[in-house]
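In each ligand, atom 1 is the first atom listed, and ligand 1 is the first ligand listed. Quick note: numbers below take in every heavy atom, side chains included, and nothing from hydrogens, waters or symmetry partners.
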Amino acid sequence: MGTATARANANIAFIKYWGNRDDRLRLPANPSISMNLGGLFAETTVRWEEDLTADSFGLNGKEDTGAGLTRVVAHLDVLRRRLDIAQFARVESRNNFPTGAGIASSAAAFAALTVAGAAAAGAQLSERELTTIARLGSGSASRSVPTGFVEWYAADAHEESYAESFGTPNTWDIVDVIAVVSKAHKPVGSSAGHQSANTSDLQTARVAGAEERLRQCKQAILNHDFAAFADVVEHDSNLMHAVMMTSRPPLFYWLPPTLMIMDSVRQWRADGLRVCYTLDAGPNVHCICVREDAAVVSERLRASSEVLDVLIAPPGDGAQVLTVSIP
Ligand code: PMV
């Protein structure tokens, strides 16, 4: 048993995952697609060691003994069972972006934990299997394992609900310009949100149309058709938030600045900029635009007093092992 460090980028979904057909296995109600966010990553070190008497977890230099540790231990249990490991582990993770603010920190975290945990045990798992294991920690983490543009399949069996790349980071030169309007931890996390998705009357309709929207979105990406892309991406994000807002109890992730920026983005597009918005389970607005328009979009966002910060991410790589040492 040894030590390994892995890095995984966050990702932004263009066709969203919301709600599970099986909560325990995180088998999603519908397939989804996303782009990895280059430069916005989690870096995680896992050390399996004979002498440890319990798992422990440090996040951004601070010891986590609460809910974060419980989730990490559950994921280490999955790795222990699959790889026949008897030891406990020391896990240290760092994000270079704000945690819990709608920038999919759990996706990067569980992708990096999965890849580092397997590498530290000297295991050579296929990318496909790594995506299914990452999925058990956080559904969207499955999409942070493969490179570039990624599809995650919905299925009834654990092995069949995996993610794979349909485009490298060079497939299309688009950029995610993220308008950060709040750095607070979200009040209701996505695990609880998935579990209440079916309490919305709108979820059945959202899920029924997801495959067709996914087909349109993928085609728009592969054809570099920004108008078609913007249309389906904004529609899919609106549908997911409509489900959230009509769940019982309702989930409102938008803040007033969120709505203001969505409105500006639609106006900028009408004026000729190739930009559209999408939102995850948080108030920050992901403004997806073609590379040539990224500077003006970020300049306009920065000019707004409501915007605390602007992060810029091009299409990114899949999860990577940075170092491994097995004595
Ligand atoms: O992977 P989770 O459980 O954090 O869920 C992520 C859900 C959304 O970010 C809202 C949508 C998505 O597909 O990433």
Novice: I need the atoms of ligand 1 closer than 4.0 Å to a non-hydrogen atom of Arg143, numbered in the order shown.
Specialist: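 With Arg143 as reference, the close atoms of ligand 1 come out as 12 (C), 13 (O), 14 (O).
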Novice: Classify the ring geometry between Tyr17 and Trp152 as parallel (under 30°), tilted (30 to 60°) or perpendicular (over 60°).
Specialist: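 The rings of Tyr17 and Trp152 stand perpendicular, inter-plane angle above 60°.
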Novice: So, 4.0 Å and heavy atoms of Ser32: is ligand 1 close enough to count as a contact?
Specialist: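 Per 4.0 Å heavy-atom rule, Ser32 does not contact ligand 1.
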Novice: Look only at interatomic distance and state if Ser190 has a nitrogen or oxygen under 3.5 Å from any nitrogen or oxygen of ligand 1.
Specialist: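 Among all N and O atoms of Ser190, at least one is under 3.5 Å from an N or O of ligand 1.
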Novice: Can you confirm, on distance only, whether ligand 1 has an N/O atom lying under 3.5 Å from any N/O atom belonging to Ser191?
Specialist: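 N/O-N/O distance below 3.5 Å does not exist for this pair.
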Novice: Please determine if Arg300 forms a cation-pi arrangement with Trp268, meaning its NZ or CZ atom is less than 6.0 Å from the six-membered ring centre and no more than 45° off the ring axis.
Specialist: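 Yes - Arg300 lies over the ring of Trp268, closer than 6.0 Å to its centre and within 45° of its axis.
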Novice: Between Arg90 and Glu63, is there a side-chain N and carboxylate O pair less than 4.0 Å apart?
Specialist: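 So Arg90 pairs with Glu63 through a salt bridge.
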Novice: Under a 4.5 Å cut-off applied to non-hydrogen side-chain atoms, are Glu160 and Leu27 in contact?
Specialist: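 No - every pair of side-chain heavy atoms lies 4.5 Å or more apart.
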Novice: Any idea which atoms of ligand 1 are less than 4.0 Å away from a heavy-atom of Ala281?
Specialist: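 Within the 4.0 Å cut-off of Ala281, ligand 1 contributes 10 (C).
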Novice: Would you call Ser106 a ligand 1 contact, heavy-atom distance under 4.0 Å?
Specialist: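 Flag set, Ser106 near ligand 1.
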Novice: Please state whether the rings of Phe14 and Phe149 are parallel, tilted or perpendicular, taking 30° and 60° as the class boundaries.
Specialist: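 Tilted.
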Novice: Quick check on contacts: which atoms of ligand 1 are under 4.0 angstrom from a heavy atom of Ser140?
Specialist: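 Those of ligand 1 that fall under 4.0 Å from Ser140 are 1 (O), 2 (P), 4 (O), 6 (C), 14 (O).
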Novice: Check each atom of ligand 1 against the heavy atoms of Gly139 and keep those under 4.0 Å away; list them by number with element.
Specialist: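 Matching atoms, with element in brackets: 1 (O).
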Novice: Ignoring angles and geometry beyond distance, decide whether Arg26 reaches within less than 3.5 Å of ligand 1 through its nitrogen or oxygen atoms.
Specialist: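 Between Arg26 and ligand 1 (N or O atoms, distance only) the closest approach is not under 3.5 Å.
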Novice: Considering distance alone, does some N or O of Trp18 sit under 3.5 Å from an N or O of ligand 1?
Specialist: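 For ligand 1, there is no N or O atom that lies under 3.5 Å from one belonging to Trp18.
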Novice: CZ of Arg47 to CG of Leu52: how many Å apart, nearest 0.5 Å?
Specialist: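 Rounded to the nearest 0.5 Å, the CZ-CG separation comes to 6.0 Å.
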Novice: Show which atoms of ligand 1 fall inside a sub-4.0 Å distance from at least one heavy-atom site of Met240.
Specialist: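 So the atoms of ligand 1 that pass are 10 (C).
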Novice: Tell me, please, which residues at least two apart from Phe252 pass ring-ring contact (aromatic ring centres under 6.0 Å, His included).
Specialist: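 Checked Phe252 against ring-ring contact (aromatic ring centres under 6.0 Å, His included); zero matches.
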Novice: Can you list the residues that meet the ring-ring contact (aromatic ring centres under 6.0 Å, His included) rule with Trp18, with sequence neighbours excluded?
Specialist: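 With sequence neighbours excluded, Trp18 shows a ring-ring contact (aromatic ring centres under 6.0 Å, His included) to His194, given in chain and number order.
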Novice: Under a 4.0 angstrom heavy-atom cut-off, which atoms of ligand 1 come close to Ala13?
Specialist: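 Answer for ligand 1: 12 (C), 13 (O), 14 (O).
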